[in-house]
Amino acid sequence: MSTLTFWKPGTAGPGSTLDRATEEEGNVVQSAPSHGSLSIQAQRERLPIWQHRQKLLHCIEKHGVTIVVGQTGSGKTTQIPQYLLESGWASQGNVIACTQPRRVAATSVAIRVATEVGTLLGDEVGYTIRFEDVSDKERTRICYMTDGMLFRETLIDPLLSRYSAIMIDEAHERSLYTDLLLGVLKKIRRKRPSLRLIVSSATLDARSFLEYFTSGTHPDDATIVSLEGRMFPVEVAYLQEPAPDYVRKAVEVAWNINLQHGAGDILIFLTGREEIERCLEELTELLPTLPRGATQIIPLALHAGLSTEEQLRVFNVTERGMRKVITATNIAEASVTIDGVKFVVDSGFVKIRTYNPTTFLASLSTVPVSQASAIQRAGRAGRTSPGICYRLYPESVFASLPTSTPPEITRTDMTTPILQLKSLGIDDLMKFEWVSAPPAESILRALEGLFAAGMIGDDGLLTPIGERVAECPIEVNIARMLFTSKDFNCGEEILTIAAMISIQDAFVIPDGAPGAIAELERRKFTAEEGDHMTLLNGIFSPHPKVDCLYLVAYNAFTKYGRSSSWCKAHALNFRAMSRAVSIRSQLKKYMIRFNLPLQSCEGDAKRLRQCLVSGYWRNGARWVADGTYRSVKGNKTLYVHPTSVLFTRKPRTGWVVFHEVEETKRTQIRILSEIEPDWLLDYGHKYQHRHAAG
DNA sequence: GAGCACTGC
């Protein structure tokens with residue numbers, strides 16, 4: 001093993017440049033409030049943010065928009081809403097909202113704040129996330145929620161009139177709904193200047209938020225407040241030369257850290273499952289060569305594809321003389337926080353999904369991380385003690401990295417967001433004040449698609465069906481199927497398919513031999529006609545003739561008591577399946593509200609597949625002799641995703657519709673079903689004209 | 001014969 005040469009910049013002090021971490025605002029009230037409110041109050045007063053209390057309240061009072069730059073442990077998420085509550089912002093029935101990009105953050109912060117305030121969760125302090133409304137319409141004064149939930153609320157109450165103050169937390173992450181919300185909130189503030197906004201952001205992005213909120217308004221309308229954090233300093237070391245193979249280099253670095261440093265776990269950032277597995281393999285191969293008496297290494301993987309059980313392993317407490325080496329994807333950058341990590345090894349790369357509106361292709365590509373990401377990753381080493389971050393690239397490379405990752409809104413399909421903005425009465429999208437505008441092509445293609453689907457008319461306004469579809473918490477093409485299911489008498493089945501498509505990864509296929517067994521389990525659910533629809537084999541299905549992979553899996557899941565052990569035995573993801581049950585019941589409510597009949601097609605597979613075409617009419621493809629497909633639009637070569645039951649089989653008719661297309665190494669289509677080619681005309685364009693006219 | 005960054009309604 002060669003000695004590694006890292007260059008450590010003389011003036012480390014990176015504590016000051018470190019970004020905050022996410023959901024954990026540190027300084028938790030560790031125990032239940034058994035000592036009474038006084039001790040909680042004392043603990044709150046010790047928070048770094050406390051000394052800024054008056055300044056913050058003054059800024060919020062005086063300025064419409066306060067941008068709070070808060071570092072880890074500053075306590076902004078838990079304290080600012082409480083300061084507002086204490087100074088009367090929630091009087092006269094007003095509510096203080098605080099949004100989070102993730103569900104876990106919204107719930108865990110709400111639990112903590114309810115304790116600090118000394119109230120039951122769901123009473124004075126509550127939270128609202130999809131499927132869970134733990135708040136009281138009359139009594140709740142502070143409500144934590146996902147940004148998507150608050151955006152949805154604007155569809156019902158466009159001025160968000162029940163809120164006196166809204167805090168948009170983690171705004172620098174620039175999630176799709178954060179961006180949409182900020183745009184709508186700027187508009188709301190023109191009509192309702194009394195509304196106060198608090199935008200919480202990392203250092204690097206604060207200036208751009210300030211510029212956004214001052215442009216076209218009074219320059220005094222927005223201000224920045226900086227808070228200190230309670231982060232430990234993290235020293236940053238760079239490689240002198242770029243590494244030709246960062247996975248191998250990561251192994252080498254981790255190995256040397258283990259030999260040279262005392263206690264503290266190691267967190268390695270890689271881009272995906274494949275790299276993680278290779279990294280763990282190489283590390284495991286080295287283990288027998290570990291010198292006697294050296295710290296033992298426990299190699300661990302962390303990525304979204306793992307089951308909950310496997311993910312929880314990274315939190316296991318290690319014994320003395322042992323060290324966890326956690327090899328993770330970007331999930332560990334913000335979503336999952338592991339205390340006890342003292343060393344971070346950063347490959348400097350990330351997999352990012354982008355959308356090309358011209359080709360309608362989503363692609364997943366590996367790109368260099370942004371500076372903001374690199375700083376955030378480094379911060380993961382300083383949560384419980386001072387740490388070191390090893391960046392597997394030279395410092396000159398860091399300087400050349402983009403400051404931040406392009407916001408999601410610039411690299412995603414805008415069809416649904418634009419439908420929702422239209423539903424909000426924002427018809428002139430060119431005049432909408434985007435924080436970052438999506439590419440013009442993206443807006444045009446989305447409008448074109450909405451027009452073709454009959455969601456907007458010649459005048460650019462929503463059609464009656466468009467108005468209803470905008471309310472549905474599901475993609476436009478799937479919503480369209482829900483509406484047309486009325487004509488095919490298959491509402492029950494489409495509802496299930498819609499729910500199953502909304503979850504990712506219903507099937508768990510692990511690596512190696514267990515994977516092969518899981519694959520066999522999965523095949524029990526499948527047969528001939530595709531992923532949505534397959535024939536027979538349906539030992540579980542009430543309607544053997546319409547054994548759709550998803551229908552069968554779903555029906556079997558509910559039939560066998562929604563049990564997690566049953567899922568495990570049949571290679572299904574229990575969490576995902578439970579979610580499908582929730583989504584289905586939510587969508588069912590919408591169907592009832594829109595008077596859509598919940599009929600079963602009683603085994604008529606043909607009608608069901610015709611209904612699929614009414615949503616997927618632009619996603620047609622034709623089989624060609626080499627086993628690939630050609631898209632109906634654009635004649636592009638498409639490869640079947642290996643998880644499809646049609647991966648190895650030619651469809652009888654030679655024609656399919658598919659749910660989505662994604663560019664990785666190849667252009668692949670996922671979730672496909674065999675169709676008759678005529679249907680593309682009959683059930684696609686026919687509906688297009690009918691609904692566009694009506 | 002071959003593959004899966006991460007959220008959210």
Side-chain angles (χ1 to χ4, degrees), chain A residues 22-23 99-106 128-133 145-156 170 173-181 269-277 302-306 328-336 347 349-354 362-367 369 373 405 407-409 411-412 416-417 419-420 423 469-476 478-479 499 502-511 515-516 518-519 573 576 579 582-583 586-587 590 627-628 639-644 646-649 660 662 664-666 668 670-671:
Chain A
T22 36
E23 67 287 356
T99 70
Q100 297 291 325
R102 281 172 291 279
R103 296 159 55 97
V104 274
T128 312
I129 60 177
R130 188 181 186 182
F131 309 128
E132 273 178 74
D133 183 0
M145 52 179 86
T146 44
D147 49 14
M149 272 317 264
L150 188 59
F151 182 71
R152 181 149 290 272
E153 200 171 333
T154 63
L155 297 177
I156 300 156
E170 314 291 4
E173 285 190 24
R174 304 294 301 274
S175 79
L176 174 63
Y177 286 113
T178 288
D179 267 37
L180 291 171
L181 261 180
F269 282 100
L270 297 172
T271 70
R273 174 172 164 174
E274 210 178 77
E275 284 178 8
I276 286 172
E277 271 156 15
L302 178 63
H303 56 82
L306 298 174
T329 59
N330 222 28
I331 194 171
E333 188 180 302
S335 308
V336 176
S347 67
F349 286 93
V350 66
K351 255 186 205 165
I352 189 172
R353 199 186 160 92
T354 47
S363 67
L364 205 57
S365 49
T366 303
V367 297
V369 290
S373 267
T405 313
E408 188 182 0
I409 203 166
R411 47 186 177 83
T412 195
T416 303
L419 184 70
Q420 291 172 331
S423 172
V469 165
E471 290 181 43
C472 298
I474 197 159
E475 280 169 69
V476 172
I478 311 289
S502 309
I503 58 170
Q504 315 95 314
D505 304 325
F507 299 94
V508 194
I509 311 292
D511 237 42
E519 193 70 40
N573 180 338
R579 204 174 146 73
S582 306
I583 294 174
Q586 188 188 36
L587 294 176
Y590 282 90
T628 65
Y639 292 83
V640 179
H641 196 276
T643 55
S644 171
L646 288 178
F647 182 59
T648 51
R649 229 182 350 240
E660 61 184 1
E662 191 176 82
T664 45
K665 282 171 197 156
R666 297 168 151 183
Q668 289 179 327
R670 284 188 59 231
I671 313 180

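The structure displayed is predicted, hence computed values, not measured ones. Just so we're on the same page: letters track the sequence lines, and every chain starts at 1.
Looking at the side chain of A:Tyr177, the nearest of the listed nucleotides B:dC9, B:dT7, B:dA2 is B:dC9.
Residues A:Gly272 and A:Pro473 each lie close to DNA chain B; by heavy-atom proximity, the contact nearer the 5' end of the strand is made by A:Gly272.
At a cut-off of 3.5 Å, with distance as the only test, no side-chain donor of A:Thr178 or A:Glu170 sits close to an acceptor on the other residue. With hydrogens and angles left out, the side-chain atoms of A:Glu275 and A:Thr271 include a donor and acceptor closer than 3.5 Å.
Annotation: side chain to side chain donor-acceptor pair (under 3.5 Å) contacts of A:Glu132 (sequence neighbours excluded): A:Tyr127. Evaluation of the ring-ring contact (aromatic ring centres under 6.0 Å, His included) rule for A:Tyr590 yields no partner, not counting sequence neighbours.
For A:Thr664 and B:dC4, the shortest distance from a side-chain N or O to OP1 or OP2 is below 4.0 Å. A close approach under 4.0 Å does not occur between any side-chain nitrogen or oxygen of A:Gln100 and OP1 or OP2 of B:dT7. The phosphate of B:dC6 (OP1 or OP2) has a side-chain N or O of A:Thr329 nearer than 4.0 angstrom. Considering only side-chain N and O atoms, A:Arg174 lies nowhere under 4.0 angstrom from the phosphate OP1 or OP2 of B:dT7. Between A:Thr146 and B:dC9, a side-chain N or O to OP1/OP2 separation shorter than 4.0 Å is present.
Put simply, NE2 on A:His303 is 12 Å from P on B:dT7, counting in whole angstrom units. Atom pair A:Arg152:CZ and B:dT7:P shows a separation of 20 Å (rounding to whole Å applied). Atoms CZ (A:Arg411) and C1' (B:dT7) sit 10 Å apart, rounded to a whole Å. Whole-Å rounding puts the A:Ile331 CD1 to B:dA5 C1' distance at 9 Å. A:Arg579 has its CZ atom 10 Å from the P atom of B:dT7, to the nearest Å. Atom CG in A:Leu364 sits about 14 Å away from atom P in B:dT7, given to the nearest Å. B:dC9 atom C1' lies 13 Å from atom CD of A:Glu471, rounded to whole Å. In this structure, the NZ atom of A:Lys351 is 15 Å from the P atom of B:dT7, given to the nearest Å.
Across all strands shown, A:Phe131 has no heavy atoms under 4.0 Å from either base or sugar-phosphate atoms. Among the protein residues, A:Ile129 comes within range of the sugar-phosphate backbone only, with heavy atoms under 4.0 Å from sugar or phosphate atoms but none that close to a base. If you check every strand for non-hydrogen atoms under 4.0 Å, A:Gln420 touches nothing.
Considering every non-hydrogen atom in both A:Pro473 and A:Gln586, the closest pair reads CG-OE1, 3.7 Å.
Nucleotide B:dC6 is shown with an anti base, its glycosidic torsion being more than 90° from 0.
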